[in-house]
Every structure is written in structure tokens, then in C-alpha cells.
Amino acid sequence: MTPATDKQAFHGRLLEIGKERYHDKHPFHVMLHGGHATMTQVRAWVINRYYYQSRIPMKDAAFLSRCEDPRMRRAWRSRIEDHDGGVDEGGGIRRWLRLAEAVGLDPAYVASTRGVLPATRFAVDAYVSFVREKPLLEAVASSLTELFAPKIHSERIAGLLEHYAFADDAALAYFRQRLNEAPQDVAFGLAYILDHADTQEKQDAAAAALIFKTDVLWSQLDALYSAYVAPGRIPPGGWDGREGVVGQTVSTEAAE
Ligand SMILES: O=C(O)c1cc(C(=O)O)c2c(n1)C(=O)C(=O)c1cc(C(=O)O)[nH]c1-2
């Protein structure tokens with residue numbers, strides 16, 4: 001086997017992991033993108049997903065703190081800027097809070113992370129620890145779920161626009177912006193992995209890291225489904241469906 005075909009086969013193996021395990025197939029996403037989630041379920045998703053958003057730049061800062069190669073740090077640091085933005089404006093976190101407002105939530109409540117499900121915290125914190133502790137190759141590989149993110153972001157924009165009154169360009173700005181940002185991040189990460197995973201052992205470790213990350217994403221949706229869809233058992237500390245809801249400005253309440 002030539003090195004080139006080996007790389008190609010490995011690339012195929014990574015894509016196959018996404019096909020089988022990415023969270024676009026999770027029943028919660030199917031409900032959300034198909035307009036079948038109630039506003040309470042949409043809000044629960046916004047509240048919990050905020051926790052993921054809030055930890056992404058911390059995860060990337062942990063990554064940078066371990067990087068000895070300045071070229072790699074230069075390529076990676078834009079991820080933090082993408083999410084945190086400037087001092088006064090911009091950034092994914094603030095765009096996510098605009099979505100929170102649009103669905104009728106107090107952004108200060110969402111940013112407090114009160115009401116985030118325990119399992120969401122465990123899954124997201126496990127991702128941050130993974131990136132902080134594992135070999136760099138595995139840390140990079142764990143970000144490669146972003147190979148599959150542009151498709152889910154496009155589906156989400158189309159689905160939410162079609163089915164929910166709150167959805168407009170301002171509310172969905174987060175996802176549109178990710179469509180610009182993610183491809184360059186993932187191009188770098190993928191090239192790095194294809195170059196550096198040059199033994200079977202390293203390829204196996206990178207594939208396992210990608211599987212771990214799909215588990216991180218899937219688990220968050222399992223937690224949401226269990227708490228807010230079926231059986232609808234909200235664990236202690238989980239959002240009660242009322243706190244942080246501001247007014248009744250969202251006309252899609254009819255969905256409930
Ligand atoms: O909406 C999604 O389904 C989704 C998934 C993922 C992902 O695959 O990890 C990310 C994002 N969005 C995202 O917006 C984002 O900024 C992001 C950063 C990362 C990462 O691992 O560094 N994943 C993701």
C-alpha cells in the first residue's frame with residue numbers, strides 16, 4: 001500500500017465515523033429541524049447548547065497552552081476569536097445569546113448556565129479534559145466532527161426558517177457565521193491528522209478520538225431528549241421550563 005492510498009483510506013475511515021455516529025441523526029435534531037420541537041424543547045436546547053458554546057474557547061485555550069509550534073498556534077488561535085469576538089462586539093457566544101433572546105429567553109439567564117443538565121455538563125467537561133490531557137494528535141482529531149457540521153448547520157437554518165416564527169437572519173446569525181468559519185478550521189485539522197497519523201497505531205488513536213467526540217455530542221442530545229421529550233424526567237438542577245423565559249413574545253407558542 002502506498003502512503004497516498006493509505007491516507008486516502010484513513011480519510012475514508014474518518015468520514016465513515018461521521019456517517020454512522022454524527023449527531024445529525026439524533027431524534028432530537030430530527031424533531032428540531034423538522035419543526036416538531038415545542039418552544040420549551042427549543043429553549044431547553046438553546047440553554048444546554050450554550051454550555052457547549054461557552055466551553056469551546058476554553059477547550060481551544062487549553063489546546064494552545066500545550067502547543068509548542070508557533071505555526072500551529074497561529075493557525076489555531078482564530079478559533080478563540082471566532083467564539084469570543086472582540087471586547088465590544090461580535091463572536092459566536094454573543095451570537096448564540098441573540099438566538100436565546102429570539103426564542104424568548106433572558107440571555108443573562110442562559111449565560112449563567114444555571115439549569116444546564118448534569119449530563120450536558122459531564123459530556124462537555126469531558127471534551128475539555130480530553131483536549132487538555134490527551135496527545136496533541138488526539139486533541140486535534142477530536143475537533144474533526146466539524147467535518148460534518150456545515151451540513152447540519154445548513155439543515156438547521158433551513159428547518160428553523162421554515163418552521164419557527166422566531167427564526168430570522170439575526171436569530172440564526174450564529175449558524176450562518178459557522179458556515180464561513182468551520183471549513184477553514186477543519187481543513188487545517190484534517191491536513192494535520194492525515195500528515196501526522198502515519199502509523200496504524202496513530203490512525204487508530206485518531207479514529208478513537210473522533211468517536212469519543214461523536215459520543216460527547218450524542219450524549220448531550222440524549223440528555224435533552226430524556227429530560228424534555230421522553231420520558232420527560234427533568235433531573236435535579238435541570239431547567240424547569242419556566243425560569244429565564246421573558247414575556248410571551250414568541251408567537252410559535254401554539255406548537256405546545
Ligand atoms: O451545531 C452543531 O451541530 C455543531 C457541531 C460541532 C461539532 O461537530 O463539534 C461544532 C459546532 N456546531 C460549532 O458551532 C462549533 O463552533 C464547534 C467547534 C467545535 C470543536 O470541536 O472545536 N465543534 C463545533
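This one's a predicted model, so the numbers in the text were calculated from it and none came from an experiment. Atoms considered below: every heavy atom in the structure, side chains included; atoms not considered: hydrogens, waters and symmetry mates. First listed ligand is number 1; within each ligand, the first listed atom is number 1.
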Would you give the length of the straight line joining atom NE2 of H11 to atom CG of L15, rounded to the nearest 0.5 angstrom?
4.0 Å
Taken to the nearest 0.5 Å, the spacing of K213 NZ from H23 NE2 works out to 8.5 Å
Cluster question for you: counting only ILVMFWY and a side-chain heavy-atom cut-off of under 4.5 Å, with indirect links fine, are M58 and W76 together?
no
Ligand 1 to S143 polar contact by distance, N or O atoms, under 3.5 Å:
no
Those residues at least two apart in sequence (or on a different chain) that pass side-chain contact (heavy atoms from CB on, under 4.5 Å) with D204 are R13, Q200
Are the ring centres of W96 and W45 closer than 6.0 Å?
yes
A student checking ligand 1 against I152 at a 4.0 Å heavy-atom cut-off should list atoms 2 (C), 3 (O)
Looking at non-hydrogen atoms alone, which of K59, E146, R79, E155 comes nearest to atom 22 (O) of ligand 1?
K59
Could you walk me through whether E101 and R98 pass salt bridge (charged side-chain N to carboxylate O under 4.0 Å, His left out), step by step?
CA-CA 5 Å; E101 265 184 288; R98 291 228 297 272; over 6 Å; no
Ligand 1-proximal atoms of L217, by part, heavy-atom distance under 4.0 Å
side chain
With a 4.0 Å heavy-atom cut-off (strictly under), which part of Y174 contacts ligand 1: side chain, backbone, both or neither?
side chain
Y52 and ligand 1 - part of the residue with a heavy-atom distance under 4.0 Å
side chain
So do R79 and I56 actually touch side chain to side chain, heavy atoms under 4.5 Å?
no
Using a 4.0 Å heavy-atom threshold (strictly under), name the region of T145 that reaches ligand 1: side chain, backbone, both or neither.
both
Can you list the ligand 1 atoms lying under 4.0 Å from a non-hydrogen atom of Y127?
20 (C), 21 (O), 22 (O)
Test side chain to side chain contact (heavy atoms under 4.5 Å, CB included) on Y109 and V246; report intermediate values, then the result.
CA-CA 10 Å; Y109 173 74; V246 285; over 6 Å; no
Which is it for E181 and ligand 1 at heavy atoms under 4.0 Å: side chain, backbone, both or neither?
neither
Is any N or O atom of K213, backbone or side chain, closer than 3.5 Å to an N or O atom of ligand 1?
yes
Among non-hydrogen protein atoms, atom 6 (C) of ligand 1 lies closest to Y22 OH, 3.8 Å
Among protein heavy atoms, which sits nearest to atom 3 (O) of ligand 1, and what does the distance come to when rounded to 0.1 Å?
H23 NE2, 2.7 Å
Within reach of ligand 1, part of Q177 (heavy-atom separation under 4.0 Å)
neither
Count I, L, V, M, F, W, Y as connected when their side-chain heavy atoms are under 4.5 Å apart, and connections chain through other members. Are L190 and F148 then in the same cluster?
yes
How about Y228 and T38: do any of their side-chain heavy atoms sit closer than 4.5 Å?
no
Does the residue H29 have a heavy-atom contact with ligand 1, meaning some pair of atoms that are separated by less than 4.0 Å?
no
For R49, the ligand 1 atoms with a heavy-atom partner under 4.0 Å come out as 1 (O), 2 (C), 3 (O), 4 (C), 11 (C), 12 (N), 13 (C), 14 (O)
